[in-house]
Each structure stands twice: as C-alpha cells, then as structure tokens.
Number of protein chains: 2
Amino acid sequence: MVIEPSKPQYIQIADELRARIDQRVYQAGTSLPSEQRLADELGVSRVTVNKALTLLRASGDVKVRRGAGTYVRSLSRILRDAKRRYAARDHGTGAGEVEVTGLNLQSRTDYREIGRVHPPTAAAKVLRLEGDKDALVRRRVLYANNEPTQIADSYIPWDIADGCDALLRADAGKGGSYSRLAELGHGPVRFTEDVNVRVPDDAEQRLLDIEATLPVFEIWHVAYDAEDRPVELCIHVMPGHLWTLRYDWDDETRSGARH
Amino acid sequence: MVIEPSKPQYIQIADELRARIDQRVYQAGTSLPSEQRLADELGVSRVTVNKALTLLRASGDVKVRRGAGTYVRSLSRILRDAKRRYAARDHGTGAGEVEVTGLNLQSRTDYREIGRVHPPTAAAKVLRLEGDKDALVRRRVLYANNEPTQIADSYIPWDIADGCDALLRADAGKGGSYSRLAELGHGPVRFTEDVNVRVPDDAEQRLLDIEATLPVFEIWHVAYDAEDRPVELCIHVMPGHLWTLRYDWDDETRSGARH
DNA sequence: CAGTGGTCTAGACCACCAC
DNA sequence: TGGTGGTCTAGACCACTGC
C-alpha cells in the first residue's frame, strides 16, 4: 500500500481495507487483524487505524464484536417491494416476514408490546385522532437468521380495534392485521409511505444491534380504508445497509388521476 | 451539563450540543463556539469535542466550514412525491425542479455532461442494452438556494435518442425529456424506483459538498414505455438529511393485478 | 489471563479563513 | 496574523471476550 501525502492516512487505510475485503483477503464472517497489528503493518498509530475502521463501520462493511475483534459483514441487501409485500398477505402470514422467508433466511418476530396506548403526537396526527383518543399499538422486532432487520411499531385507532381480540394477540391470525381490519369494515385500499434516513437513537441502536453512525431508514406506512380514513400507521426503522426499497407505479398524466 | 461516568463523554457532549441547538442556544446559520472553547467549558480535551462533533456532522445537524468554524444547519427536509413530480411535467419544466420551486427556494441546474457514452454495466443491464450499445447521458447537479441537493444522471438508449437534438441540449424543451421520448414514440407509462442508502464516494462528496459519513439516498428510477421497454434510467444521489421520499399506491389484491 | 476494541489526553503540525 | 478545524501520535486505562 502506497501512502500519498495529499489524502488523510485514515481515508487511505479505509480504502485499502475495503479493497482487501472486495478481494477476499479478508473473507465475509472472518475477523480482520487487530487494530494494533494493522497499525504495525501500516506504520501508523492505532488511533489512526481505529478512525479508518470508523468509516467501514458507518458504511456497514464491518462490525465490531467487543472484546473479540472486527468482523467482515456478509451484506446482501434484502429487497422490500412495497406493493408485493402487502399483496402477499393473502398467502399466509402478515407482510412482516415476506421478504425474509423468500430468501431462505430464517425469520423470527419478537413482540415487545401489544396494548392500548396514548400515541405520540405525530402518530396521532397522521391517524387523525382528535383530543386524547387512544390507539392499539403492536411493537415488534423482526429478525433474519437471528440478526435484527427492522423495528415495526403499528398503531391502529382504538375505536376501530376495540373488540377484536385477534389484534391483541401476537399472531393476529390468517392474513395478518389487515385481514382483521377488513373484517371490521375498514379494509385498507390505499397506502402511502414516507421515507427518511437518519441516525438511530440509543434504543434503536440496542434493538437493532447497530452503532450510532450507521444510518437507518424510517418509513411511515399509512393504510387508508375505502372512506379514505387512515386505519393504521406502521413505523418501520430499518438498518439502511440491509435493505433496498422498491416502488412502482403507472403514469397518471393521461388518464383521469386522483390528484 | 452533568457528566455521568456510564456513557462516553463524547456522546454526552453530542447530546448536550444537540439540545442546545434544539433550544436555539445556537441558532440556525450561526457558528458554534470553537472546539477549544467547548473543550475548556466542558473540561475535556479538544479531541473529545471533535469526536462529539463528528456525530453531529454525520446526522447533518452541523456543517463545518474549514478555517471558519462549525455552523448549525437549517435543515427542513424537501418532500419528493414520486408520483406528483412526474405528473407535474406538463405544467412547465422537467421533473427535476418541481419540489424546490414549490418551496419558494431558488432552483438551479448545472449540466456536467450531455453526450453519447458507453454506460456502466449495471446501467446497461437495466436498460437491456446488449453488447456494446451506447446511451445518451445527461449528468446534472441540482441546487436549492445555491446548496447542492442532488446529482441526477440520466441514461437513454442511444437508438431511441438518436436524431432528437433537443435531448442533447441542456434545456430539453417543454415538458422535459419525457415529452421528447413521447414524441419519439416511447412515452413512459410505468415507473419503478429502487432506493438504497449508502455513504458517498469522493466525487459525490465534492459535488454535493458533504462529508464521508453523511449518508445519501441512491435512487434508480426507470421509465418504461407502452411495450414495457425501459426507455430511461435516472440515477439520483441525494443527501439523506435533505429529503423525505413519498410514495403511494392502491391495493391491488382484490382487483386483477399485473403481478 | 492475554488480547480485543473503546475511550481519553496533551501536544503537535498543518491548511484554510477572515481580518 | 491569529483563530479555526483536520489530522496524527504515544501512552494510558478500561470493559469485554474467549481460552
């Protein structure tokens, strides 16, 4: 590796390490040499190596196991096709596990909380909950091969969910919660999603087992019923390096469009 | 500010600085105290303050002007509504400047390159260009109030674009390039977008005036004509903290769907 | 217990900015 | 020319891992 003075050393080192990962010098799932070894090999201080690794961690290329070493991630992104995932609900489980099981990965869902809550202001606004109206919340974390892939917190206006026991159970039954909403006369017919990127907060870092600099998608998924009333808001928080989001739509310029 | 031993100091400092920004102690557009001043005030070394600021930079809360100081960003996200931006093309300019002009921001587009090229492999694959077929490329950078907001590189199969002079000019004429494609018999009727997040490479950092740790959206927007042939691929690279992406669609489970 | 990464420091030199 | 952030170092102590 040639060190040129124009670029910061830690960036050159990051580039070099990325190249070695691409060339399988360091293979997926295995550990890199320790920071001290790399520092000795490259003739820099350990702090500089650490700073280079900070970049690789922010891009999701490596992951640190504390006390054990720095490991190469095996990162193949999961495709999340917005239309298909909800269309697939008639085939079995809810939308939550569609992508993962399709990739022959082992899927698991942990329910953190199911119950009646006073929703956050922004969520209440989206659901058009006036005053102090409550919502049913379903908080869960989804895993693929025991790696957390997303947090999904779902809110349903309480006056809609009220009386439907299935929605209070982890397994909401065949077709998932949307099928229950349909039975309650509020079947979703239209969806919107707002997508943002940001850094995770403390709780998200813990739940998703990621670091502060690894960006996450935050998706606000809203389902509307035939009367155009919002009947569910699901907030997804997903490590950005794990996912590709796909959307598709037809041109509405020529036909009569809603807008 | 209380320092508790359990959390790293640089994280506590980052939290404190974020709080001060939220409370307008440091106002948008103004500079923070220098790293040395903050270090003295908080009783830590300058390196520790610098590390805290690294976090604020990665989340887009502050921006460094080298030699001058660290400034609070005035960050209000721009809404990019996928359907509307393309539907709006009949009203005037192309889709590129829809969101920005709608916010009363001054919009500007710099064309970096317009010409015939051999497209990158992945782009050629999306456009189904066999062998060594060329494409027309239109590379541009868009600005709002002189701040770069996105890179947009558009590829059109050369055999479609061939002979249309307007597509070789910066101003592709009324309705933008999609109207030209329509005149050529390849008007787009369907779109797909694949959305990824990643860290920017060197060139993107320069063009967008952002740092290595600030994540970007990469959107592959593909337009299909009535025969379902891909007629344009536009690759957008956009600083993640500047944008909210919006998509909406109708449920297709009950009606006869394409899928 | 040895090895790993996490953090922090004091001091240093540099390029860049504004005056 | 003085102040700013960018970078780098050597050394230190810590918590955690795995043997």
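Below, chains carry the letters A, B, ... as their sequence lines are ordered, and counting in each starts from 1. Treat the numbers as computed from the prediction; the structure is a model and nothing was measured.
Under the rule for a side chain to side chain contact (heavy atoms under 4.5 Å, CB included), the partners of B/His241 that lie at least two apart in sequence or sit in another chain are B/Arg73, B/Leu214, B/Pro239. In terms of the side chain to side chain contact (heavy atoms under 4.5 Å, CB included) criterion, residue partners of A/Val126 (sequence neighbours excluded) are, by chain and number, A/Trp220, A/Val222, A/Leu233. Under the salt bridge (charged side-chain N to carboxylate O under 4.0 Å, His left out) criterion, A/Arg206 pairs with no residue at all, not counting sequence neighbours. Applying the salt bridge (charged side-chain N to carboxylate O under 4.0 Å, His left out) test to B/Asp15 and every residue at least two apart in sequence or in another chain returns B/Lys7. A/Tyr155 is linked by a ring pair (Phe, Tyr, Trp, His ring centres under 6.0 Å) to nothing, counting only residues two or more places apart in sequence or in another chain. Residues passing the side chain to side chain contact (heavy atoms under 4.5 Å, CB included) test with B/Val199, sequence neighbours excluded: A/Ser59. Qualifying ring pair (Phe, Tyr, Trp, His ring centres under 6.0 Å) partners for A/Tyr247, counting only residues two or more places apart in sequence or in other chains: B/Tyr247. Listed by chain and residue number, A/Gln9, A/Tyr10, A/Ile13, A/Val44, A/Ser45 satisfy the side chain to side chain contact (heavy atoms under 4.5 Å, CB included) test with A/Thr48 (two or more places apart in sequence, or in another chain). For A/Asp201, the salt bridge (charged side-chain N to carboxylate O under 4.0 Å, His left out) test picks out no residue, with sequence neighbours left out.
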What does the list of N/O pairs under 3.5 Å between the protein and nucleotides 11-14 of chain C look like, with a distance for each?
none

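For B/Thr48 and C/dT9, the shortest distance from a side-chain N or O to OP1 or OP2 is below 4.0 Å.
Scanning residues 62-73 of chain A for heavy-atom distances under 4.0 Å to DNA chain D yields A/Arg66, A/Gly67, A/Ala68.
Rounded to a whole Å, the CG atom of A/Leu53 is 10 Å from the C1' atom of C/dG5.
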Next item on the list: Go ahead and write out DNA chain C as dot-bracket, 5' to 3': ( ) for pairs within the strand, [ ] for ones crossing earlier pairs, | when the partner sits on another strand, dots for unpaired; Watson-Crick or G-U wobble, both distances under 3.5 Å.
Entry: ||||||||||||||||||.
